[in-house]
Amino acid sequence: MDAVFQNLDLIRQGFTTTITLTLLSAMGALVLGTLIAAMRVSPVPPLRWTGGFYVQVVRNTPLTVVFFFFVFGLPEVGIVVGFYPFAVMALTVYTASFVAEAVRSGINSVPVGQAEASRSVGMTFTQTLGVIVLPQALRSVIPPLASVFIALLKNTSIAFAFGVFEGTSASNVLINRFGSQVLQILLITALVYLALALLMSAAFGWLERAVAITR
Amino acid sequence: MTSVLYDVAGPRTRQRILVWSLVGSAVIVALLVVAALRLADNGQFEADKYTPFFEEPALWRGIARALRATLQAAAYALVLATILGVLLAVGRMSHSQWLRLPSIGVIEFFRGVPLLLLIFFFFLGFPLAFGVNLPALWALVFGLTLYNGAVIAEIIRAGVHALPLGQTEAALAIGLTRGQTMRSVLLPQAFRIMLPALISQLVVLLKDTSLGFVIGYVELLRYGQRAAEQLDNRIQLTVVVAAIYIVINLSLSRLATWIESRQRRVAAPGTHVEEVTEAVGRQG
């Protein structure tokens with residue numbers, strides 16, 4: 001245990017990065033994912049195809065490979081922005097495909113009558129989607145989104161392999177220094193991740209109750 | 001595709017959709033052109049980036065070997081995780097607290113912890129704490145087993161819960177014990193309806209084998225990186241590697257969708273097939 005408690009600063013520093021990485025990527029993925037979901041349900045065929053293509057391709061690619069494209073691929077074409085922004089981009093692009101699927105199934109879960117009513121009072125596609133359907137869809141989409149973002153939190157640990165100093169890297173540094181305490185170090189790291197996941201799930205639970213409406 | 005979001009288009013709307021299609025295509029094409037120019041400026045279209053794929057049979061042999069290593073890790077992990085999943089699921093559904101509570105704890109722990117930490121537990125933890133050196137393959141397989149075992153346990157539980165209650169009642173009524181009911185009535189049916197969810201999980205598992213890259217197990221990604229160091233065509237090789245994953249995973253996903261649509265027709269009346277996939281979902 002000493003290894004961890006004498007190096008709390010290192011752990012805190014690592015997990016601060018884990019948290020900012022999660023939050024930034026979550027925001028990016030929410031924006032990009034909602035946009036792609038809107039493309040997938042739009043009446044414009046090329047947008048629909050592009051959205052579908054994006055989701056199918058990205059969802060079936062391992063996150064490690066996505067990281068590879070950003071961290072090793074982009075420098076090949078002269079784009080170098082540092083490991084941290086690369087990690088945010090990779091996590092955003094990957095998570096967006098899952099957000100898009102969650103939002104799309106949320107859109108499908110809004111009762112047909114809602115869209116029919118809004119169209120029958122003369123609203124356009126954009127109005128129907130933006131004012132009537134999406135606000136309701138986002139509500140029913142909160143539980144699946146919570147799972148997606150908890151998966152994102154766990155996925156940030158892969159950034160360790162691509163040059164970012166986050167929670168897993170911190171524990172790895174400690175393991176290298178205090179090899180005999182490897183099990184305690186791994187257990188405590190795991191517990192911190194679990195605590196963060198519980199916190200997130202509680203936050204989403206609160207959000208779900210806060211925006212709940214009775215139908 | 002029909003949608004409730006918009007009407008069947010009339011002449012004016014058709015025209016507007018056409019305009020937006022053109023605008024949308026133009027934007028997408030423009031983005032592709034910018035990307036292509038960028039690639040061209042940096043010599044990514046030069047012939048020597050592509051010739052190895054045609055002139056080096058050793059490259060394809062290497063890729064085939066690496067693919068085998070990937071599939072091998074996935075296959076071992078799938079078998080072990082299914083066994084672990086059945087045990088944990090039965091434990092979680094047991095009527096004895098002494099089995100149920102620990103099973104819940106184990107499932108929630110392994111599901112909530114990053115997979116990479118579980119792999120490190122076997123890869124770094126075993127040699128340092130117990131003096132046992134595990135080959136990278138087995139560290140990867142065991143890590144995958146713990147995580148996927150926990151997820152599969154939840155899939156099995158959802159599968160059993162999706163069965164009509166009458167199945168359990170009938171089995172108990174003819175005098176089967178709880179264990180017999182589970183073994184010979186519930187699990188066989190549950191396995192059938194959870195097959196699609198299980199295949200979706202196989203996609204996740206297959207993707208996660210790429211974490212072998214981190215601990216130096218030479219699977220597809222690691223091999224691609226090594227080969228790229230010599231051939232100097234990192235982007236092209238990564239595209240090939242990604243394409244292999246995508247083809248395999250898309251085929252598996254298609255298979256899962258097909259089986260699911262079939263299940264809907266053949267499952268026992270009162271079975272909630274869709275609940276299994278919903279209960280677990282794909283989260284990446």
Side-chain angles (χ1 to χ4, degrees), chain A residues 41-48 50 56-57 59-66 68-69 72-73 76-79 94-95 97-98 101 107 112 115-116 119 125 128-129 133 144 147-148 150-158 160-161 168 171-172 175 179-180 182-183 186 189-190 193-194 197-198, chain B residues 1 3-7 9 13 17 20-25 28 35 38-39 41-42 44 108-109 112-118 120-121 124-125 127-129 203 206-211 213-214 220-221 224-225 228 234-235 238-239 241-242 245-250 252-253 281-284:
Chain A
V41 298
S42 82
V44 182
L47 294 184
R48 227 162 44 216
T50 314
Q56 291 299 344
V57 165
R59 238 160 66 115
N60 287 299
T61 310
L63 176 57
T64 334
V65 175
V66 178
F68 231 78
F69 272 112
F72 298 124
E76 300 264 326
V77 294
I79 302 172
Y94 182 76
T95 310
S97 69
F98 292 90
E101 274 305 89
I107 290 176
V112 180
E116 283 174 349
R119 280 195 291 114
F125 167 74
T128 308
L129 193 63
V133 176
S147 320
V148 169
I150 287 172
L152 167 65
L153 168 71
K154 295 194 295 170
N155 282 337
T156 56
S157 65
I158 296 180
F160 148 75
T168 307
S171 93
N172 241 49
I175 289 172
S180 61
V182 58
L183 296 184
L186 281 174
T189 317
Y193 274 108
L194 271 182
L198 280 180
Chain B
M1 190 181 119
S3 172
V4 295
L5 295 176
Y6 38 85
D7 282 300
T13 317
I17 289 177
W20 279 109
S21 292
L22 292 176
V23 173
S25 310
I28 293 162
R38 188 92 207 188
L39 287 169
D41 281 350
N42 289 277
Q44 292 299 328
E108 295 303 330
F109 182 82
V113 163
L115 176 55
L116 202 53
L117 284 183
L118 297 176
F120 280 160
F121 170 69
L124 302 174
L128 289 173
V203 171
L206 200 70
K207 290 200 299 178
D208 284 341
T209 56
S210 66
L211 285 177
F213 164 77
V214 180
L220 266 179
L221 188 58
Q225 190 214 20
R234 194 165 263 143
I235 294 183
T238 314
V239 169
V241 167
Y245 278 113
I246 291 168
V247 167
I248 297 176
N249 289 336
L250 267 181
L252 284 172
S253 306
R282 279 183 64 186
Q283 301 145 14

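Just so we're on the same page: letters track the sequence lines, and every chain starts at 1. This is a predicted model, so every value here is computed, not measured.
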For the [atom1] atom of [X] and the [atom2] atom of [Y], what is their distance to the nearest 0.5 Å?
X	Y	atom1	atom2	value
Leu117(B)	Tyr193(A)	CG	OH	6.0 Å
Lys207(B)	Asn60(A)	NZ	CG	6.5 Å
Leu250(B)	Arg59(A)	CG	CZ	9.5 Å
Leu186(A)	Leu128(B)	CG	CG	9.5 Å
Leu116(B)	Ser171(A)	CG	OG	9.0 Å
Phe120(B)	Asn172(A)	CZ	CG	4.5 Å

Could you tell me which non-hydrogen atom of [X] sits nearest to which non-hydrogen atom of [Y], and how far apart they are?
X	Y	result
Gly112(B)	Lys154(A)	O-CD, 3.4 Å
Thr238(B)	Phe68(A)	OG1-CD2, 3.8 Å
Asn42(B)	Gly78(A)	OD1-N, 3.9 Å

Open item on the list: Once ring pair (Phe, Tyr, Trp, His ring centres under 6.0 Å) is applied, do any residues pair with Tyr245(B), and if so which ones, sequence neighbours excluded?
Closed with: none
Given heavy-atom pairs under 4.5 angstrom as the criterion, report whether the side chain, backbone, both or neither of [X] touches chain B.
X	value
Leu183(A)	side chain
Ile79(A)	both
Val77(A)	both
Thr50(A)	side chain
Ile158(A)	both

Task: For chain B, the option from Ala161(A), Ala197(A), Ala190(A) that forms the most heavy-atom pairs under 4.5 Å - done: Ala190(A)
Open item on the list: With a 4.5 angstrom heavy-atom cut-off, is it the side chain or the backbone of Ile28(B) that approaches chain A, or both, or neither?
Closed with: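 It is the side chain, since no backbone atom gets that close.
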Open item on the list: Heavy-atom cut-off 4.5 Å, strictly under: side chain, backbone, both or neither for Leu211(B) against chain A?
Closed with: both
TODO: Considering only heavy atoms and a distance below 4.5 Å, find which of Val239(B), Leu115(B), Asp41(B), Leu206(B) pairs most often with chain A.
DONE: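 Of Val239(B), Leu115(B), Asp41(B), Leu206(B), Val239(B) has the most heavy-atom pairs under 4.5 Å with chain A.
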Task: Most contacts with chain A, counted as non-hydrogen pairs under 4.5 angstrom, among Ala129(B), Gly24(B), Pro127(B) - done: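 Looking at each of Ala129(B), Gly24(B), Pro127(B) in turn, Ala129(B) comes out on top.
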Open item on the list: Set out, in order, the CA-CA distance, both residues' side-chain angles and the distance that settles side chain to side chain contact (heavy atoms under 4.5 Å, CB included) for Ile235(B) and Phe72(A), then state yes or no.
Closed with: CA-CA 8 Å; Ile235(B) 294 183; Phe72(A) 298 124; over 6 Å; no
- [ ] With the side chain counted from C-beta on, respond yes when Ile17(B) and Pro45(A) share a heavy-atom pair under 4.5 Å apart, and no when they do not.
- [x]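 SC-SC contact between Ile17(B) and Pro45(A) confirmed.
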TODO: State, with a plain yes or no, whether a side-chain heavy atom of Phe121(B) is found less than 4.5 Å away from one of Val182(A).
DONE: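 No. Closest side-chain heavy atoms not under 4.5 Å.
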